[in-house]
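One structure is given below, encoded as structure tokens.
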2 protein chains.
Amino acid sequence: MSKKQLIIEAALELFAKQGFEATSVQQITDHCGISKGAFYLSFKSKDELIFSLIDHFMMQITSDIDHIVRESQNEDLLLRFYFSVYQTFQRHSDFAKVLMIEQSQTLNKDLFLKMQTYEKLIDNMILTMLSRLYGEAIEQTKYDLLYCVKGFMNMYSHLFIFHHIPLDLELLAQSLVEKTNVLARNMNSPFISADLYQIVKQPLTEEISQEKLLGIIVQKVAELEDSVEKESLDLLRGQVLHPSLPPAIVKGLLENIRQHPHCKWVAYLLRGYFEKAGLL
Amino acid sequence: MSKKQLIIEAALELFAKQGFEATSVQQITDHCGISKGAFYLSFKSKDELIFSLIDHFMMQITSDIDHIVRESQNEDLLLRFYFSVYQTFQRHSDFAKVLMIEQSQTLNKDLFLKMQTYEKLIDNMILTMLSRLYGEAIEQTKYDLLYCVKGFMNMYSHLFIFHHIPLDLELLAQSLVEKTNVLARNMNSPFISADLYQIVKQPLTEEISQEKLLGIIVQKVAELEDSVEKESLDLLRGQVLHPSLPPAIVKGLLENIRQHPHCKWVAYLLRGYFEKAGLL
DNA sequence: TATAATAATGACCAGTTAGTCATTTGTCAA
DNA sequence: TTGACAAATGACTAACTGGTCATTATTATA
């Protein structure tokens with residue numbers, strides 16, 4: 001085992017017990033029998049360690065899930081998915097605990113972005129899986145289904161992250177497969193629309209690019225029937241390209257489209273965009 | 001506003017941004033324009049602050065939920081429950097964030113116990129609500145339903161804890177009501193049995209008392225048909241009261257009952273108990 | 001106004017931290 | 001055995017921590 005790996009393993013154990021902040025480099029080096037100086041031969045800083053640690057495990061985990069989703073037949077796909085996820089949680093329960101404790105890390109921006117990248121990957125795998133399983137039927141509800149699946153993963157993992165109880169993972173997976181099927185086949189009132197999902201998945205701090213914004217607008221315009229909303233949105237598209245209207249008009253146009261349930265998010269995006277650009 | 005409240009508000013803001021550990025007392029006092037000394041007139045220590053902070057908000061939140069569950073008619077109970085929960089998350093989004101970041105706090109034992117107390121309260125309210133709504137029909141699945149409800153609460157709260165997006169909470173609540181109904185009426189393969197739930201809810205570090213253990217065993221013995229398992233369990237009950245059998249036999253008896261699906265938890269508890277007592 | 005009582009301050013303390021670097025130890029070819 | 005190079009060490013630094021307390025400012029009372 002390389003020195004890096006040795007340190008990562010030792011650090012993981014301590015982080016799971018005490019958290020990242022509360023664990024000192026000295027403790028880590030003591031715990032794996034090397035000197036403090038040696039630590040800094042492997043890692044530039046304590047921060048680099050947590051980054052490496054997260055990469056180390058998240059790469060394993062995401063590739064595991066990817067493999068399952070790619071290689072399984074439809075009939076046992078979902079079961080194998082849940083089983084594999086919980087097996088991974090069990091195998092790397094310390095890491096799962098660290099992820100829980102240090103959850104999402106809004107604190108450190110870089111770390112947050114890294115985690116978001118992995119989460120997006122996993123989201124996409126789950127979405128692929130759901131589409132393969134249920135097809136067109138869940139087109140409207142797939143993002144809600146995604147959230148439900150992730151909610152299950154999260155909640156049930158508490159069972160073995162915080163308690164060391166031997167669990168029948170096969171049974172657990174079966175139980176969650178049933179829940180997922182029940183929801184997929186009976187849910188009719190989704191909450192998370194495609195564009196809400198897109199917004200939420202946008203990197204937190206990164207502003208939306210003009211290009212992307214225009215893309216979303218054009219798509220929405222195409223969807224809409226002829227109406228005040230459609231006309232307003234089209235005018236706003238023009239304003240994004242060549243700002244010429246006074247703030248009052250822009251504000252009014254935004255108010256027009258905000259009423260339409262399908263346009264709420266575009267309105268939200270546009271308001272943010274114009275505000276940043278000093279046009280509101 | 002009292003000085004204590006002033007400090008709590010300021011601290012909350014900083015904790016939400018940086019986390020508890022990473023926020024110094026100096027930063028807090030700077031942020032609310034008082035001296036470091038003045039802080040220690042209101043709180044004995046930094047720890048006491050986080051305790052007060054959690055009490056301050058959790059008391060509000062739990063009593064809100066309790067009120068809803070007590071006062072609502074069955075037909076709009078669930079809707080009002082979800083609506084109120086998310087309204088609270090929105091109103092106290094900083095606190096929700098702190099709870100997320102500092103989640104469950106396995107680190108500090110006292111804090112963990114405090115949170116577990118509140119969580120138990122909320123669990124019981126949700127269970128009461130579910131039983132009132134669905135009655136006997138969910139007797140077998142109620143703990144799974146509880147986990148699903150909590151999973152929804154958790155997952156969907158990400159939408160506004162990490163993004164400041166205006167959401168239609170009424171619609172969100174409706175959507176979750178449907179999901180809950182769908183699950184309650186169609187789920188047949190629960191995973192969380194009454195005794196598994198009991199174990200998980202047991203204070204983490206606290207060992208099980210002999211008394212409690214005997215109570216569980218007696219109950220199980222009463223449930224079982226005459227069988228090897230029943231006899232084994234009864235012998236083990238004797239061993240708890242008056243240890244006399246050699247480890248090998250105890251181990252064998254444990255193995256006997258571990259096979260029976262209803263006895264897995266008792267077996268788990270007994271193994272832990274005998275190990276602690278040096279009888280295994 | 002004078003006095004007592006209370007509230008607030010911030011320099012200070014002892015302890016801990018991440019990170020550095022002159023020095024020692026180990027390794028291996030000549 | 002020697003010497004050159006790499007690996008590893010741990011005492012050290014500067015910064016920061018939670019918490020204290022002699023001192024000062026403010027308020028209430030007489």
Side-chain angles (χ1 to χ4, degrees), chain A residues 1-56 94 98 101-102 105-112 114-115, chain B residues 1-56 98 101-102 105-115:
Chain A
M1 186 154 51
S2 81
K3 186 134 294 174
K4 273 202 180 200
Q5 289 233 0
L6 184 78
I7 295 174
I8 285 181
E9 301 282 336
L12 180 62
E13 238 175 273
L14 294 170
F15 290 166
K17 262 187 240 154
Q18 317 171 338
F20 174 69
E21 296 262 14
T23 303
S24 69
V25 174
Q26 190 71 64
Q27 275 178 287
I28 297 168
T29 54
D30 285 354
H31 196 255
C32 56
I34 62 169
S35 70
K36 203 169 166 186
F39 174 90
Y40 286 95
L41 294 177
S42 295
F43 297 97
K44 274 217 302 290
S45 66
K46 195 185 167 190
D47 271 346
E48 200 190 276
L49 167 62
I50 189 79
F51 276 61
S52 298
L53 192 150
I54 284 181
D55 270 332
H56 178 81
D94 271 350
V98 171
I101 295 174
E102 246 55 56
Q105 282 293 353
T106 13
L107 324 176
N108 182 323
K109 193 182 151 190
D110 291 332
L111 202 50
F112 182 81
K114 183 181 276 301
M115 278 311 302
Chain B
M1 185 153 52
S2 79
K3 187 135 292 174
K4 272 202 179 197
Q5 289 234 1
L6 184 79
I7 295 174
I8 286 182
E9 301 283 335
L12 181 61
E13 238 175 272
L14 293 170
F15 290 166
K17 261 187 240 152
Q18 318 172 338
F20 174 70
E21 296 262 15
T23 304
S24 69
V25 174
Q26 189 72 63
Q27 276 178 287
I28 297 168
T29 55
D30 285 353
H31 196 256
C32 54
I34 62 170
S35 69
K36 203 169 166 187
F39 174 90
Y40 286 94
L41 294 177
S42 295
F43 296 97
K44 275 218 301 290
S45 67
K46 194 185 167 191
D47 271 347
E48 201 191 275
L49 167 62
I50 187 81
F51 276 61
S52 297
L53 193 150
I54 285 182
D55 271 331
H56 178 82
V98 171
I101 295 173
E102 244 55 55
Q105 281 292 354
T106 13
L107 324 176
N108 181 325
K109 195 182 152 191
D110 291 331
L111 203 50
F112 182 80
L113 289 178
K114 183 182 278 299
M115 279 310 301

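To find a chain, count down the sequence lines: A is the first, B the second, and so on, and within it residues start at 1.
- In this view, A/F43 and A/F39 satisfy the ring-ring contact (aromatic ring centres under 6.0 Å, His included) rule, not counting sequence neighbours.
- As judged by a 4.0 angstrom heavy-atom cut-off over every strand, A/S42 is placed among residues making no nucleic acid contact.
- Between the side chain of A/E48 and the main chain of A/S45, no donor-acceptor pair closer than 3.5 Å is present.
- A nucleotide of DNA chain D counts as in contact with chain A when one of its atoms lies under 4.0 Å from a heavy atom; the first and last such, 5' to 3', are D/dA8 to D/dG10.
- Toward the 5' end of DNA chain C, the nearer of the two residues B/G33 and A/F39, judged by each one's closest nucleotide, is B/G33.
- The residues B/D30 and B/K36 are annotated as not salt-bridged, no charged nitrogen and carboxylate oxygen being separated by less than 4.0 angstrom.
- Looking at A/K46, its side chain has no donor and acceptor atom pair within 3.5 Å of the base of C/dG19.
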Carefully, step by step, assess A/I7 and A/C32 under the rule side chain to side chain contact (heavy atoms under 4.5 Å, CB included).
CA-CA 7 Å; A/I7 295 174; A/C32 56; 4.3 Å; yes
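- Of the candidates A/D94, A/I50, A/I8, A/F15 forms a side chain to side chain contact (heavy atoms under 4.5 Å, CB included) with just one, namely A/I50.
- Computed from C1' positions of five pairs at each end, the angle between the two local axes of the helix from C/dT1-D/dA30 to C/dA30-D/dT1 equals 10°, rounded to 10 degrees.
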Show the numbers, then the answer: is there a side chain to side chain contact (heavy atoms under 4.5 Å, CB included) between B/Y40 and B/T29?
CA-CA 10 Å; B/Y40 286 94; B/T29 55; over 6 Å; no
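- Atom CD1 in A/I34 sits about 16 Å away from atom P in C/dG26, given to the nearest Å.
- Between A/Q26 atom CD and C/dG19 atom C1' the separation is 12 Å, expressed in whole Å.
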